[in-house]
Colleague: 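Input: one structure, supplied below.
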Amino acid sequence: MRKIIFLIHVTLDGYVAGTNGEMDWIEYNDEVAAHSEAFHAITDTAIYGRKTFEMMKGYWTTVSDNPNADEYDKKHATWLQSASKIAVSTTMQVDDWANIIIGDDLQDRFTALKQQDGKDMWLLGSPTLAQSMMRLNLIDEYRILVNPVILGSGQRLFAEMEHQLDLRLIEPKTFSGGVVLLCYVPDDDE
């Protein structure tokens, strides 16, 4: 069965963006880029919420024409060209870059996608969508990159949950620049 792997950067105090959506606090270096790049081999689908999708489409569709794009961006753009892309939205209907899943049909649609043949699926950022998927127990692996910064306010990763979500740490890792990867899976023993 395919898994949904959620990868996101957070601050030490649990924010994914500042009060105005800023993400300039993310420590993105060669080690972190290499970790993200490793997902190209194990995934064949990118999942986005609407806001992240619009941001990603606006950038990644221009990389191949950008002579100043770095090597990581070029590799990721190449992966994205061949990957299936899914955008979850309640307002979008059709897009030429991705399949659209209407937000009120998440449980059935993603359960069916997990049972299809293929590699794992990569939920990139998209904290609002991730919160909905957490409530439905659709995320199979959490890869949280904790950055050494405290914002004090902004958009939190973990909104109020309707139930406790028990996780088991399977891989901690430290990167240069003080970034710590915490990789968790749902704890089925609870």
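By convention here, the first residue in the shown sequence is residue 1. What you see is a predicted model, and the numbers here were worked out from it, not measured in a lab.
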Colleague: I need the minimum non-hydrogen distance between Phe175 and Leu181, along with the two atoms involved.
Modeller: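 Where Phe175 meets Leu181 most closely, the heavy atoms are CE1-CB, 3.7 Å.
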Colleague: Would you please test Thr45 and Arg2 for side chain to side chain contact (heavy atoms under 4.5 Å, CB included) and show each step?
Modeller: CA-CA 10 Å; Thr45 304; Arg2 300 168 75 189; 2.8 Å; yes
Colleague: May I have the step-by-step check of side chain to side chain contact (heavy atoms under 4.5 Å, CB included) for Leu138 and Thr111, ending in yes or no?
Modeller: CA-CA 8 Å; Leu138 289 170; Thr111 298; 4.0 Å; yes
Colleague: Could I get the full list of side-chain hydrogen bond (donor to acceptor under 3.5 Å, both in side chains) partners for Lys85, not counting sequence neighbours?
Modeller: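 side-chain hydrogen bond (donor to acceptor under 3.5 Å, both in side chains) check on Lys85 returns nothing, list empty.
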Colleague: What pair of heavy atoms forms the shortest contact from Leu169 to Cys183, and how long is it?
Modeller: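 Smallest heavy-atom distance, with atoms named: CD1-O, 3.4 Å.
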Colleague: Where is the tightest heavy-atom contact between Ala69 and Val63, given as atom of each residue plus distance?
Modeller: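 Between these two residues, the closest heavy atoms are CB-CG1, 3.8 Å.
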Colleague: Could I get the full list of side-chain hydrogen bond (donor to acceptor under 3.5 Å, both in side chains) partners for Asp140, not counting sequence neighbours?
Modeller: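 For Asp140, the residues satisfying side-chain hydrogen bond (donor to acceptor under 3.5 Å, both in side chains) (neighbours in sequence not counted) are Lys114.
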Colleague: How many angstroms lie between atom OG1 of Thr43 and atom CG of Leu7, to the nearest 0.5 angstrom?
Modeller: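 Taking OG1 in Thr43 and CG in Leu7, the distance rounds to 10.0 Å.
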Colleague: Would you give the length of the straight line joining atom OG1 of Thr90 to atom CG of Asp105, rounded to the nearest 0.5 angstrom?
Modeller: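 So the gap between those two atoms works out to 13.0 Å.
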Colleague: Taking the side chain from Gln131 and the backbone from Leu157, do they hold a donor-acceptor pair closer than 3.5 Å?
Modeller: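 Side chain of Gln131 to backbone of Leu157, a donor-acceptor pair under 3.5 Å: yes, one is there.
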Colleague: To the nearest 0.5 angstrom, please state how far the CG atom of Asp70 sits from the OH atom of Tyr28.
Modeller: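 So the CG of Asp70 and the OH of Tyr28 are separated by 8.0 Å.
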Colleague: Could you tell me which non-hydrogen atom of Ala87 sits nearest to which non-hydrogen atom of Ala98, and how far apart they are?
Modeller: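 Nearest heavy atoms, Ala87 then Ala98: N-CB, 4.2 Å.
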Colleague: When you measure from the side chain of Trp25 to the backbone N and O of Asn147, does any donor-acceptor pair fall under 3.5 Å?
Modeller: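 Between the backbone of Asn147 and the side chain of Trp25 there is no qualifying donor-acceptor contact (under 3.5 Å).
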Colleague: Can you find a heavy atom in the side chain of Leu113 that is under 4.5 Å from one in the side chain of Ile4?
Modeller: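 In short, these two side chains do not touch, never coming nearer than 4.5 Å.
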Colleague: Between the side chain of Asp13 and the main-chain N/O of Leu151, is any donor-acceptor distance below 3.5 Å?
Modeller: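 Yes: the side chain of Asp13 pairs with the backbone of Leu151.
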Colleague: Side chain of Asp120, backbone of Lys3: donor and acceptor closer than 3.5 Å?
Modeller: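 Between the backbone of Lys3 and the side chain of Asp120 there is a qualifying donor-acceptor contact (under 3.5 Å).
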Colleague: Do His35 and Val179 have side-chain heavy atoms sitting under 4.5 Å apart?
Modeller: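 Answer no - side chains too far apart.
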Colleague: Give, for atom CG of Asn66 and atom OH of Tyr59, the distance between the pair rounded to the nearest 0.5 Å.
Modeller: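 Answer rounded to 0.5 Å: 6.0 Å.
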Colleague: Does some side-chain heavy atom of Leu124 sit less than 4.5 Å from a side-chain heavy atom of Tyr48?
Modeller: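 Of all side-chain heavy-atom pairs linking Leu124 with Tyr48, at least one is under 4.5 Å.
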Colleague: Among residues two or more places apart or on two chains, list those pairs meeting salt bridge (charged side-chain N to carboxylate O under 4.0 Å, His left out) that have a residue in residues 14-42.
Modeller: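 Checked against salt bridge (charged side-chain N to carboxylate O under 4.0 Å, His left out) - neighbours excluded - the pairs reaching residues 14-42 are Glu37-Lys75.
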Colleague: Looking at Gly178 and Pro148, what are the two nearest heavy atoms and their distance?
Modeller: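 Looks like O-CD, 3.8 Å.
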Colleague: In the structure I gave you, are the side-chain heavy atoms of Val149 and Ile26 within less than 4.5 Å of one another anywhere?
Modeller: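 The answer is no; the side chains never approach within 4.5 Å.
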Colleague: Going by side-chain heavy atoms closer than 4.5 Å, which hydrophobic residues are tied to Val185, directly or by a chain of links?
Modeller: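 Other cluster members: Ile170.
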Colleague: Quick test of your reading of the model: are Glu141 and Arg143 salt-bridged, counting only N-O distances below 4.0 Å?
Modeller: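 A salt bridge links Glu141 with Arg143.
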Colleague: Is a side-chain donor or acceptor of Asn29 paired with a backbone partner of Ser176 at a separation under 3.5 angstrom?
Modeller: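 Yes.
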Colleague: May I ask you to test the Val94-Ile100 pair for a side-chain heavy-atom distance under 4.5 Å?
Modeller: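 They are not in side-chain contact.
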Colleague: Can the ring centres of Trp97 and Phe53 be said to be less than 6.0 Å apart?
Modeller: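 Yes, they do, as the ring centres are separated by less than 6.0 Å.
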Colleague: Can you list everything that forms a salt bridge (charged side-chain N to carboxylate O under 4.0 Å, His left out) with Glu54? Sequence neighbours excluded, please.
Modeller: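 Glu54 satisfies salt bridge (charged side-chain N to carboxylate O under 4.0 Å, His left out) with Arg50 once adjacent residues are dropped.
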Colleague: Taking NZ in Lys173 as the centre, count heavy atoms belonging to other residues, nucleotides or ligands within less than 6.0 Å. Is the count above 12?
Modeller: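 Count not over threshold, so no.
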Colleague: Any side-chain to backbone donor/acceptor pair from Arg156 onto Tyr15? Under 3.5 Å, distance only.
Modeller: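 Not a single qualifying donor-acceptor pair exists.
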Colleague: Going from NE2 on His9 to OG on Ser36, what distance comes out if it is rounded to the nearest 0.5 angstrom?
Modeller: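 Here the interatomic distance stands at 5.5 Å.
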Colleague: When the ring planes of Tyr72 and His40 are compared, do they come out parallel, tilted or perpendicular, using 30° and 60° as the limits?
Modeller: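 Rings of Tyr72 and His40: parallel, as their planes differ by under 30°.
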Colleague: Can a donor-acceptor pair be found, under 3.5 Å and without considering hydrogens, that links the side chain of Asp187 to the backbone of Asp166?
Modeller: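 Not a single qualifying donor-acceptor pair exists.
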Colleague: Apply side chain to side chain contact (heavy atoms under 4.5 Å, CB included) to the pair Leu165 and Asn137, showing each step before the final yes or no.
Modeller: CA-CA 8 Å; Leu165 182 61; Asn137 296 315; 3.7 Å; yes
Colleague: Taking the side chain as everything from C-beta on, heavy atoms only, tell me whether Leu106 gets closer than 4.5 Å to Ser132.
Modeller: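 Result yes, sub-4.5 Å side-chain heavy-atom pair found.
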Colleague: Go through the structure and list residues passing side-chain hydrogen bond (donor to acceptor under 3.5 Å, both in side chains) with Ser126, not counting sequence neighbours.
Modeller: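 With sequence neighbours excluded, Ser126 shows a side-chain hydrogen bond (donor to acceptor under 3.5 Å, both in side chains) to Thr52, given in chain and number order.
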Colleague: Please name the pair of heavy atoms, one in Lys119 and one in Ala41, separated by the smallest distance, quoted to 0.1 Å.
Modeller: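 The pair with the smallest heavy-atom distance is NZ-O, 3.2 Å.
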Colleague: Can you tell me how far apart CE (Met23) and CE (Met55) are? Round to the nearest 0.5 Å.
Modeller: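 If we round to the nearest 0.5 Å, Met23:CE and Met55:CE are 4.0 Å apart.
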Colleague: Is there side-chain contact between Leu136 and Phe110, with at least one heavy-atom pair below 4.5 Å?
Modeller: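 The answer is no; the side chains never approach within 4.5 Å.
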